[in-house]
Undergrad: 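Just passing along the structure, written as C-alpha cells.
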Amino acid sequence: MKLATWNVNSLKVRLPQVLDWLENSPVEALCLQELKLADDKFPIDAFTEVGYQACWAGQKTYNGVAIITKTAGTDIQRNLPNFEDHQQRIIATTLPSPAGDIRVVSAYCPNGQAVGSDKYEYKLKWFMALQEWLRQELERYPRLAVLGDYNVAPHDEDVHDPKKWEGDILVSEPERAAFNALLSLGFTDSFREFEQEDKSFTWWDYRRFAFRRNAGLRIDHVLLSDALKRYCSACTIDKSPRGNEQPSDHTPVVATLDFQCA
DNA sequence: ATGTCTCACTCGGTGAGA
C-alpha cells in the first residue's frame, strides 16, 4: 500500500490536479496540506465520485489539512489536543492494514516566516506540542505514519544552496533540532532509507524560476514509526505534477509499504 | 530582483502569508 503527502496550496485551485494525480497514482491515503478552504467548501463529492473517502480540518483563507483514503478512517482527530490554536494544521485517522491498524497523520507545520519573528516562536512552540502529542500517539498506535509539510529541511543535502540558506528560516538549528526531536521519539525519515538522487527537493519558490534551476528544499516528509518502517520498500518524490498548468510549489512524496516483505 | 502565487475585500488595487 502507498501513503502520500502533498501540499497543494489551495485545494480549490488544485482539485483537478489532485483528482488527475489520484487516477494515475492510486494510494491508500493521500495527506493534503494548505487546503485554504472552509470545512463546508471541502469538495467531498469530487472524491467520493472517484472512489475515495476523506476527512478534513478546513479553515478559510489559510492552512487546512485532509486525508483522502480508499477505506473509511476511524477515530478521527483534528488538531493537537494539547495546543490551543485556531489554525487547522493536523488531522489524523486510523486505517486497516494487513499488519493491523495504522495511524496516519497529515501535518502542516508552521512556516515561521523569519528567524526571531513571532511566527518563528509559534513554530517552535507548535513543534514542542507536536512532539508531546506524537509521544502519546505512538504509545496508543505503534504503527504510526506522520506525513506532511514540516517546513524544515533536515540536513544541508536537503538544501540547494546551503551556504546561502545558512541559519535562515526552514534550515535554522532550532528548527532542525525540533525536527530531530520528533525522530528521537522513534521515527525515521523514510526518504533517506533509500538511495536517492542528489539534489532531491519537494518545494521550490515560485519566484526566480526556482523550479527550472532546481533551487529547492526538501521540506515535505514521510515519518514512519519503527513498527512501520520495517515494511517500507520505497519512498519517492513525484515531480510529475510540475508539468501541469498552475502547479503547486510543492510536489507529492510517496512511501510504499509492502506487508509481504517484513 | 521587493522576483510569484493565492485569498480576502470588493470590482481594482492592496495586504497577508507562504
Side-chain angles (χ1 to χ4, degrees), chain A residues 5-21 31-43 46 56-66 79-80 83 85-91 106-127 130 147-154 158-161 163-172 174-176 178-179 201-221 237-253:
Chain A
T5 181
W6 192 4
N7 179 325
V8 290
N9 184 19
S10 170
L11 184 57
K12 186 182 170 189
V13 172
R14 237 65 70 182
L15 178 62
Q17 295 185 42
V18 173
L19 296 172
D20 182 60
W21 189 84
C31 297
L32 300 176
Q33 300 86 37
E34 283 206 89
L35 308 182
K36 295 188 175 180
L37 43 79
D39 275 341
D40 61 345
K41 307 281 191 205
F42 187 86
W56 61 93
Q59 181 186 337
K60 192 180 174 184
T61 314
Y62 301 121
N63 310 309
V65 285
N79 250 328
L80 296 171
F83 190 78
D85 194 2
H86 73 279
Q87 302 187 29
Q88 301 299 310
R89 297 183 173 280
I90 290 282
I91 191 158
S106 178
Y108 176 48
C109 305
N111 170 281
Q113 196 170 59
V115 173
S117 66
D118 290 351
K119 293 190 178 71
Y120 184 74
E121 295 307 312
Y122 163 78
K123 179 176 191 173
L124 295 178
K125 283 187 185 131
W126 190 93
F127 265 92
L130 176 65
L147 298 86
D149 176 0
Y150 286 78
N151 271 311
V152 177
D158 303 313
V159 181
H160 70 97
D161 187 345
K163 282 212 176 93
K164 190 180 148 209
W165 278 81
E166 190 175 1
D168 217 337
I169 196 68
L170 312 182
V171 309
S172 75
E175 291 167 271
R176 286 177 167 176
F179 183 81
F201 306 125
T202 65
W203 169 82
W204 301 261
D205 198 301
Y206 278 122
R207 294 167 289 189
R208 302 177 61 192
F209 308 106
F211 181 74
R212 198 194 294 179
R213 296 186 293 121
N214 197 29
L217 270 64
R218 191 176 69 93
I219 56 176
D220 300 87
H221 309 298
I237 295 167
D238 181 2
K239 292 203 281 186
S240 66
R242 291 297 312 211
N244 296 334
E245 300 259 335
Q246 280 188 291
S248 170
D249 47 352
H250 296 250
T251 53
V253 183

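We name chains A, B, ... by the order of the sequence lines, and we start the count at 1 in each one.
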Undergrad: In whole angstrom, give the distance that lies between atom CG of A:Asp205 and atom P of B:dT6.
TA: 13 Å
Undergrad: A:Gln113: which residues meet the side-chain contact (heavy atoms from CB on, under 4.5 Å) condition with it, sequence neighbours left out?
TA: A:Asn111, A:Ser117, A:Lys119
Undergrad: With sequence neighbours excluded, what pairs up with A:Asp168 under the salt bridge (Lys or Arg N to Asp or Glu O under 4.0 Å) test?
TA: none
Undergrad: Mind calculating the distance between CD (A:Gln59) and C1' (B:dT6) to the nearest angstrom?
TA: 14 Å
Undergrad: So among A:Trp203, A:Phe201, A:Tyr150, which one has a ring pair (Phe, Tyr, Trp, His ring centres under 6.0 Å) with A:His221?
TA: A:Tyr150
Undergrad: Where do N or O atoms of nucleotides 15-18 of chain B meet protein N or O atoms at under 3.5 Å, pair by pair?
TA:
unit_1 : atom_1 : unit_2   : atom_2 : d
B:dG17 : OP2    : A:Lys119 : NZ     : 3.3

Undergrad: By ring-ring contact (aromatic ring centres under 6.0 Å, His included), which residues pair with A:Tyr62, not counting sequence neighbours?
TA: none
Undergrad: Starting at the 5' end of DNA chain B, which residue's closest nucleotide do you reach first, A:Arg208 or A:Lys60?
TA: A:Arg208
Undergrad: A:Arg14: what forms a side chain to side chain donor-acceptor pair (under 3.5 Å) with it, not counting sequence neighbours?
TA: none
Undergrad: Output the rounded distance in Å from CG (A:Leu11) to C1' (B:dC7).
TA: 14 Å
Undergrad: Is any side-chain N or O of A:Ser10 closer than 4.0 Å to OP1 or OP2 of B:dC7?
TA: yes
Undergrad: With a cut-off of less than 4.0 Å, is there a side-chain N or O of A:Lys12 near OP1 or OP2 of B:dC5?
TA: no
Undergrad: Among all residues two or more places apart in sequence or in another chain, which pass the salt bridge (Lys or Arg N to Asp or Glu O under 4.0 Å) test with A:Asp85?
TA: none
